[in-house]
Amino acid sequence: MLNNFIAAYSPDNLRYLFGGLGITLLVSVASIIGSFIIGAILGIVRYVKFKYFSAVVGFIIDVIRNLPLILILFFIYFGLPNIGVKPEVIPAAIFAMTIFESAMLAEIVRSGIQAVDPGQMEGARANGLTYWQGLWHIVLPQALVKMIPAIVSQFISLVKDTSLATIILLPEMLYRSQIIYGQNTNYIIPMFVAIAVLYFIVCYALSVLAHYLEKRQA
């Protein structure tokens, strides 16, 4: 058993596996940045309740939130070519995960803003700020503190969900581990152990960062 681990963790295999980790981090970071920006905008739109527009946005968000991510990945990578758009696998994975996570984050942002005492906005308006100034300078900073745990939890889920993109042949960690143990089935357990450790390190680092940011904002 020990020999299988030693052989599985050869320099070439580890180099190949860490290359998959790089792809995982690339897709995760790009999706996190994109979904945070889009999700924040959509969440504010839902909170402000623009006539008709907010309702349409809310309907689209609800549809996306109730679809499995793997279905969105399938649609982006295999469906778009039918209308003349053929994305590469990495942009397709980023696009699909950004769409999915934006819908999730939109609800977190909306709920976070609603959790702020309405008196904060009333106080901002009483001191001469416009509605949007009060929202930006008074309400959103307080809402962000309340949202941090939920947002980071969602980002951790996003990192783990990159493994679903193996279905569209994204060369991330899980996909590359399958290539490695496909050459020798004795490497299955060592590869799964290695992937578990790498995912734990990345996700735990996000948790520590969230705790730090929460304390600093508080």
Side-chain angles (χ1 to χ4, degrees), residues 27-122 124-125 130-168 170 206 210:
V27 172
S28 298
V29 171
S31 301
I32 284 172
I33 293 172
S35 61
F36 182 75
I37 295 171
I38 298 172
I41 294 171
L42 295 178
I44 292 172
V45 167
R46 289 210 69 186
Y47 171 77
V48 174
K49 295 181 180 178
F50 295 102
K51 190 174 183 180
Y52 303 125
F53 182 62
S54 292
V56 172
V57 169
F59 174 75
I60 294 173
I61 288 173
D62 288 339
V63 169
I64 294 174
R65 288 177 66 236
N66 287 283
L67 293 176
L69 174 56
I70 195 168
L71 182 61
I72 298 175
L73 284 164
F74 259 95
F75 176 79
I76 297 298
Y77 191 66
F78 297 112
L80 290 184
N82 291 323
I83 59 173
V85 180
K86 188 172 172 132
E88 297 293 330
V89 63
I90 292 179
I94 293 173
F95 187 40
M97 300 190 76
T98 298
I99 291 174
F100 184 76
E101 292 301 321
S102 293
M104 298 297 183
L105 289 175
E107 285 303 294
I108 293 174
V109 170
R110 182 181 65 84
S111 300
I113 296 174
Q114 286 181 333
V116 176
D117 187 347
Q120 297 294 314
M121 177 60 80
E122 294 171 3
R125 298 300 300 276
T130 65
Y131 178 84
W132 290 104
Q133 287 174 332
L135 184 63
W136 181 258
H137 295 289
I138 305 298
V139 176
L140 282 177
Q142 296 180 62
L144 180 62
V145 176
K146 301 176 184 295
M147 290 186 286
I148 285 177
I151 288 175
V152 174
S153 176
Q154 196 60 45
F155 286 161
I156 289 173
S157 295
L158 185 152
V159 172
K160 293 184 287 188
D161 284 347
T162 56
S163 61
L164 293 175
T166 55
I167 201 69
I168 61 171
L170 179 71
L206 281 174

Min side-chain heavy-atom separation Leu71-Phe75 under 4.5 Å: no
Heavy atoms only: give me the nearest Ala103-Arg65 pair and the separation to one decimal. O-CD, 3.5 Å
Neighbour count >12 (heavy atoms, 6.0 Å) for atom CZ, Phe36: no
Spell out, as yes or no, whether a donor-acceptor pair under 3.5 Å connects the side chain of Ser31 to the backbone of Ser28. no
Any Phe50 side-chain heavy atom under 4.5 Å of Val57 side chain: no
From CZ (Arg110) to CG (Leu42), nearest 0.5 Å: 12.0 Å
Nearest 0.5 Å please: distance from the CD1 atom of Ile151 over to the CG atom of Leu206. 12.5 Å
Return the CG to CE distance between Leu158 and Met97, rounded to the nearest 0.5 Å. 4.0 Å
For a salt bridge (charged side-chain N to carboxylate O under 4.0 Å, His left out) check, start with the C-alpha distance between Arg125 and Glu122, then their side-chain angles and the critical distance, and finish with the verdict. CA-CA 5 Å; Arg125 298 300 300 276; Glu122 294 171 3; over 6 Å; no
Indicate yes or no: at least one non-hydrogen side-chain atom of Leu170 is less than 4.5 angstrom from one of Leu73. no
Run the side chain to side chain contact (heavy atoms under 4.5 Å, CB included) check on Ile76 and Ile99 step by step: do they pass? CA-CA 10 Å; Ile76 297 298; Ile99 291 174; 4.2 Å; yes
Starting at CG of Leu105, measure out to CD1 of Ile61 and round the result to the nearest 0.5 Å. 10.5 Å
Using the side chain to side chain contact (heavy atoms under 4.5 Å, CB included) rule, take Ile168 and Phe78 through it: C-alpha gap first, then chi angles, then the decisive distance, then the call. CA-CA 8 Å; Ile168 61 171; Phe78 297 112; 3.8 Å; yes
What are the two closest heavy atoms between Val109 and Met147, and how far apart are they? CA-SD, 3.2 Å
Closest heavy-atom contact between Met121 and Val139? CE-CG2, 3.9 Å
Between OG on residue Ser102 and CD on residue Gln154, distance to nearest 0.5 Å: 10.5 Å
Of all the heavy-atom pairs spanning Ile94 and Thr98, show the shortest one and how long it is. O-OG1, 2.7 Å
Separation between CD1 (Ile44) and CG (Leu140), nearest 0.5 Å, reads 5.0 Å
Is any side-chain heavy atom of Phe53 closer than 4.5 Å to one of Val48? no
Ser111 (side chain) donor-acceptor with Ile108 (main chain) under 3.5 angstrom: no
Looking only at heavy atoms, the pair that brings Gly112 and Ala143 closest together is O-CB, 3.5 Å
Heavy-atom closest pair (Leu67 atom, Phe100 atom, distance to 0.1 Å) is O-CE1, 3.2 Å
So, do Ile138 and Val116 sit near enough that their side-chain heavy atoms are less than 4.5 Å apart? no
